[in-house]
Visitor: 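Here it is: the structure, laid out below.
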Amino acid sequence: MAFNHRHLIDITEYSADDIMLVLETAVKFREVNERKIKKVPTLKGFTVVNMFNEPSTRTRSSFEIAEKRLSCDSLNFGGSSTSAVKGESLVDTVETLCSYKIDMVIVRDKHAGVPRLIADVSGAHVIDAGDGKHQHPTQALLDLYSIWEKKGDLAGLKVGVVGDIGHSRVCGSLIPALKIMGCEVTVIAPPTLMPARPDVLGADHVTSNLDEALPELDVVYMLRIQRERLEGAPYPSLREYNQLFGLTKDREPLMKPDALICHPGPINRGVELDSYMADHPNRSVILDQVYAGILTRMAEMYLLLGGSEDGLTA
């Protein structure tokens with residue numbers, strides 16, 4: 001199947017077939033990552049710039065590992081090391097980078113819309129690694145991979161997304177992606193953490209009662225409570241939030257026997273999850289999600305850059 005995309009910026013531009021191609025390609029890269037020598041010459045000669053203008057640990061490190069395992073030449077760029085601190089505009093910075101004849105830009109930025117702007121002015125392939133409160137499509141694809149791997153199919157699954165819906169770029173990609181793949185989505189949060197129009201995200205159901213929703217869910221996706229936003233007092237205390245919306249050992253009897261637990265990380269233990277649920281040997285796929293990040297990001301770069309099939313099987 002042909003992959004007719006230059007960028008990964010907005011997950012809604014991808015069809016169910018496109019998404020399945022990414023997931024199935026990631027399976028092939030799983031074989032590479034389980035070898036003793038975890039490297040193939042698939043993208044040898046391609047140059048990828050990691051432009052992280054906002055702090056990141058998981059996303060940045062998994063992209064860097066994915067690039068090395070695909071034999072890319074990569075340049076890490078962003079933050080206080082950029083000319084932006086000297087007053088240079090983003091467009092000028094990007095055009096300067098493009099003078100190096102780069103092939104792809106992986107970009108994370110606190111401002112929504114920056115990946116699209118870079119795509120418009122650069123001519124390079126662009127992957128959105130998170131922009132403001134807008135989208136995080138590579139996170140959505142690794143989430144889908146983790147769920148699909150465990151459940152065998154995505155169509156018809158009932159998925160609950162719990163937490164800071166209103167400020168989450170994870171939601172901005174995950175909920176549309178789940179809907180594209182035929183899932184039924186419920187968003188669960190206190191009213192103060194809901195967007196003004198939760199229906200715009202495309203969720204099928206909206207509720208503030210976690211205990212009522214849990215018995216129906218095949219997957220419980222817990223969002224990080226962003227403590228840096230606590231100053232705005234969207235809930236009385238972290239303790240109260242945990243009592244009402246935390247996934248705890250006491251709530252496990254309400255869950256389906258085979259319900260999965262997901263979380264994009266980093267976890268606030270004792271807030272959105274207790275350690276029992278975060279480390280649950282049968283339910284938690286949180287570490288699987290971290291590993292899936294390498295596989296799916298390898299697949300995304302390979303498909304967008306049109307890598308060599310010989311390189312994939314080398």
Side-chain angles (χ1 to χ4, degrees), residues 1-29 59 112-113 115-116 119 125-163 165-166 168-189 194-195 197-206 213 216-223 259-264 285 288-289 292-293 295-304:
M1 174 185 164
F3 191 73
N4 299 315
H5 294 278
R6 281 190 55 79
H7 312 296
L8 176 53
I9 295 175
D10 185 337
I11 200 67
T12 62
E13 296 174 349
Y14 280 45
S15 68
D17 286 342
D18 293 331
I19 290 172
M20 279 309 304
L21 183 57
V22 174
L23 304 189
E24 288 165 356
T25 304
V27 172
K28 297 178 183 178
F29 282 118
T59 302
R116 182 71 67 189
H125 298 267
V126 175
I127 294 180
D128 179 357
D131 62 325
K133 300 173 189 174
H134 180 225
Q135 286 225 16
H136 197 350
T138 67
Q139 177 71 46
L141 288 168
L142 73 86
D143 294 334
L144 292 181
Y145 180 92
S146 302
I147 296 166
W148 172 64
E149 184 183 46
K150 294 293 184 182
K151 292 293 188 181
D153 194 6
L154 292 166
L157 289 179
K158 295 183 177 181
V159 182
V161 184
V162 186
I165 309 295
S168 174
R169 60 184 166 207
V170 171
C171 278
S173 293
L174 176 62
I175 293 173
L178 289 167
K179 293 301 297 174
I180 290 167
M181 301 311 294
C183 299
E184 183 178 327
V185 182
T186 300
V187 291
I188 306 158
M194 284 286 189
R197 290 281 308 279
D199 57 300
V200 171
L201 291 170
D204 299 283
H205 312 288
V206 179
E216 300 297 318
L217 300 178
D218 300 299
V219 180
V220 186
Y221 193 106
M222 305 301 294
L223 294 169
L260 299 179
I261 299 167
C262 297
H263 192 294
V285 296
D288 298 276
Q289 288 172 268
L295 308 182
T296 53
R297 286 163 179 146
M298 289 176 75
E300 292 150 16
M301 289 189 288
Y302 167 79
L303 291 168
L304 289 170

Visitor: Would you mind checking if Asp128 and Arg116 are paired as a salt bridge, meaning a charged N to carboxylate O distance below 4.0 Å?
Guide: no

Visitor: Output all residues satisfying salt bridge (charged side-chain N to carboxylate O under 4.0 Å, His left out) with Asp218, sequence neighbours left out; order by chain, then residue number.
Guide: Lys256

Visitor: Using a 4.5 Å cut-off on heavy atoms from C-beta on, say whether the side chain of Leu8 contacts that of Leu141.
Guide: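 Answer yes - side chains close enough.
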
Visitor: About how many Å separate CD1 of Ile147 and OH of Tyr221, when rounded to the nearest 0.5 Å?
Guide: 8.0 Å

Visitor: Between Val200 and Pro195, is any pair of side-chain heavy atoms under 4.5 Å apart?
Guide: no

Visitor: Rounded at 0.5 Å granularity, tell me how far CD1 in Ile9 sits from OG1 in Thr138.
Guide: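 The distance works out to 12.5 Å.
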
Visitor: Looking at every non-hydrogen atom in both residues, tell me the closest pair between Ile165 and Ala189 and how far apart they are.
Guide: CG1-CB, 3.9 Å

Visitor: Can you see which heavy atom on Ala292 is nearest to which on Leu142, and at what distance?
Guide: CB-O, 3.8 Å

Visitor: In Å and rounded to the nearest 0.5 Å, what is the CG to CD1 distance from Leu144 to Ile19?
Guide: 6.0 Å

Visitor: Of all heavy-atom pairs between Val187 and Met194, which one has the smallest distance, and what is that distance?
Guide: O-CE, 3.6 Å

Visitor: Nearest 0.5 angstrom please: Met20 CE to Ile180 CD1, how far?
Guide: 13.5 Å

Visitor: Side-chain atoms of residues 148-156: list all donor-acceptor pairs with protein atoms under 3.5 Å, sequence neighbours left out, distances to 0.1 Å.
Guide:
from	atom 1	to	atom 2	distance (Å)
Glu149	OE2	Arg30	NH1	2.5
Lys151	NZ	Asp258	O	2.8
Asp153	OD1	Ala155	N	3.4

Visitor: Is there side-chain contact between Val22 and Glu300, with at least one heavy-atom pair below 4.5 Å?
Guide: yes

Visitor: Taking all heavy atoms of Asp131 and all of Gly113, pick out the closest pair and write down the distance.
Guide: OD2-N, 2.9 Å

Visitor: Can you find a pair of side-chain heavy atoms, one from Glu13 and one from Asp18, that are under 4.5 Å apart?
Guide: no

Visitor: Side chains of Met301 and His125: closer than 4.5 Å at any heavy-atom pair?
Guide: no

Visitor: Going by atom types alone, do Asp10 and Thr12 pair a side-chain donor with an acceptor below 3.5 Å?
Guide: yes

Visitor: Please work out which of the three classes, parallel, tilted or perpendicular, describes the rings of Tyr14 and His5, given edges at 30° and 60°.
Guide: parallel

Visitor: Side chains of Leu304 and Phe3, heavy atoms from C-beta outward: is any pair under 4.5 Å?
Guide: yes

Visitor: Run the side-chain contact (heavy atoms from CB on, under 4.5 Å) check on Val162 and Leu217 step by step: do they pass?
Guide: CA-CA 12 Å; Val162 186; Leu217 300 178; 5.7 Å; no

Visitor: Hey, does Leu174 have a side-chain heavy atom less than 4.5 Å from the side chain of His136?
Guide: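 His136 does not reach Leu174 side chain to side chain.
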
Visitor: Is there a side-chain contact between Val161 and Leu223 (heavy atoms, below 4.5 Å)?
Guide: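 Answer yes - side chains close enough.
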
Visitor: Answer with yes or no whether the side chains of Asp143 and Ser146 bring together a donor and an acceptor at under 3.5 Å.
Guide: no

Visitor: So which atom in Cys171 and which in Pro176 form the shortest heavy-atom distance, rounded to 0.1 Å?
Guide: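 The pair with the smallest heavy-atom distance is O-CD, 3.5 Å.
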
Visitor: To the nearest 0.5 Å, tell me how far Glu24 CD sits from Tyr145 OH.
Guide: 11.0 Å

Visitor: Just by modelled atom types, is the Ile11 backbone N or O under 3.5 Å from a matching donor or acceptor in the Gln135 side chain?
Guide: yes

Visitor: Is it the case that the side chain of Gln289 and the backbone of His263 share a donor-acceptor pair, with hydrogens and angles ignored and the cut-off at 3.5 Å?
Guide: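 Flag set: sc Gln289 to bb His263 pair under 3.5 Å.
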
Visitor: Is there a donor-acceptor contact under 3.5 Å from the side chain of Asp204 to the main chain of Val185?
Guide: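 At least one qualifying donor-acceptor pair exists.
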
